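A quick write-up on the structure given underneath.
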Amino acid sequence: MASSDGIHGKVVVITGASSGLGEATARELSARGAFVVLGARRMDRLKKLAGELTAAGGTAIAIETDVTDREQVKRLVDTAAQSGGRIDVMINNAGLMPQSLLERLHVDEWDRMVDVNIKGVLYGIAAALPYMKEQKSGHFVNVSSVAGHKVRAGGTVYSATKHAVRVISEGLRQEVKPYNIRTTIISPGAVDTELPDTITDPVVGEAMRKFYDDMAIPPDSFARAVVFALTQPADVDINEILYRPTRQEF
Ligand code: NDP
């Protein structure tokens, strides 16, 4: 039975839970008593994490999920609902950031970012919204970025996808008012994860890795932002959190 702290006993689905922000959030929410349902493609990582969380007294299941496949995202959420009896929180976190100048024509990477960062979030909404509507409660946490507020050379397509996440989340916020559903956008700055490894362009990749080496803060910063949003009283909806490392200027 869910308690009133906003986390204990809640059924939480997390996409991109196999590393970085998703993994840190799974650890934090599991330690606070949530039933965490973990989705990503790397099952070895997911199974190891679910095993660790369960061994520590938590409840976690791992479900192989490619968020570019609508049916797989539906299966992730349906399994969570069947196992936990409801869906309290849907964290649309999976994403990648293969940045490059447009003139390099890395069109396959543009497609990939659109598929994962935008369509993956939409599929997460499509899968969880019917449950939340029926329950007349629920909470979407969609992961944008500082790049969802700003655009810089080399980051155009990534920025576009992260702006899209904010636009989709704001539209969702307005539309789900009749159903008592909360929506939170979290926009981090540089956080130390595997994200820069998705950059294939050597020049941008080297610059970005140096930037992350100089700036990045640990992923528990993100988990704490999630906890803040989830633990508000039911009549308080934290719509957006934008945070950066203290030393990060842009
Ligand atoms: P990581 O690379 O560490 O994690 C990305 C996660 O997304 C992995 O679990 C990966 O799992 C998953 N993923 C990628 N593609 C797919 C897919 N097709 N289907 C399912 N899961 C997928 O990076 P972060 O933790 O940093 O990234 C998480 C989110 O945070 C992203 O949306 C990113 O844009 C955003 N963000 C990160 C910032 C940072 O500085 N780290 C700053 C601002 C935003 P797998 O490969 O196993 O499928």
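All heavy atoms count here, side chains included; hydrogens, waters and symmetry mates do not. These numbers come from a predicted model, not from an experiment. As the structure lists them, so they are numbered: ligands from 1, and atoms in each ligand from 1.
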When only distance counts, is [X] in polar contact with ligand 1, meaning an N/O pair under 3.5 Å?
X	value
G189	yes
Y212	yes
R41	yes
V191	yes
A40	no

Residue-level breakdown please: for [X] versus ligand 1, do any non-hydrogen atoms fall below 4.0 Å on the side chain, on the backbone, on both, or on neither?
X	answer
P219	neither
Y158	side chain
R244	neither
S18	both
T65	backbone

Does atom [atom1] of [X] have more than 12 heavy-atom neighbours from other groups under 6.0 Å away?
X	atom1	answer
R42	CZ	yes
R104	CZ	no
E206	CD	no
E134	CD	no

Give the atom numbers and elements of ligand 1 that come within less than 4.0 Å of a heavy atom of [X].
X	result
R112	18 (N)
A190	40 (O)
V116	15 (N), 18 (N)

To the nearest 0.5 Å, how far apart are [atom1] in [X] and [atom2] in [Y]?
X	Y	atom1	atom2	result
K136	Y179	NZ	OH	7.0 Å
R27	I14	CZ	CD1	11.0 Å
F222	S187	CZ	OG	9.5 Å
F228	T184	CZ	OG1	9.5 Å
T183	E175	OG1	CD	11.0 Å

Quick one: do [X] and [Y] make a salt bridge, cutoff under 4.0 Å?
X	Y	value
D214	K210	yes
E240	R166	yes
K74	E71	no
D108	R112	no
R45	E64	no

Checking a contact table here: which protein heavy atom is nearest [atom], and how many Å away?
atom	value
atom 27 (O) of ligand 1	L195 CD1, 3.9 Å
atom 30 (O) of ligand 1	L21 CD1, 3.2 Å
atom 21 (N) of ligand 1	A94 CB, 3.5 Å
atom 4 (O) of ligand 1	S19 OG, 3.1 Å
atom 35 (C) of ligand 1	V143 CG1, 3.7 Å
atom 19 (N) of ligand 1	V67 N, 2.9 Å

So for [X], does at least one of its heavy atoms come nearer than 4.0 angstrom to any atom of ligand 1?
X	value
N93	yes
K162	yes
E64	no
S144	yes

- Please work out which of G95, G20, G16 has its closest non-hydrogen atom nearest to atom 5 (C) of ligand 1.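 It is G95 that holds the nearest heavy atom.
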
- Of the listed options T193, I217, D66, closest to atom 24 (P) of ligand 1 (non-hydrogen atoms): T193

- Item | Side-chain donor-acceptor contact under 3.5 Å, D78 with Y131 |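 Present: a donor and an acceptor within the cut-off.
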
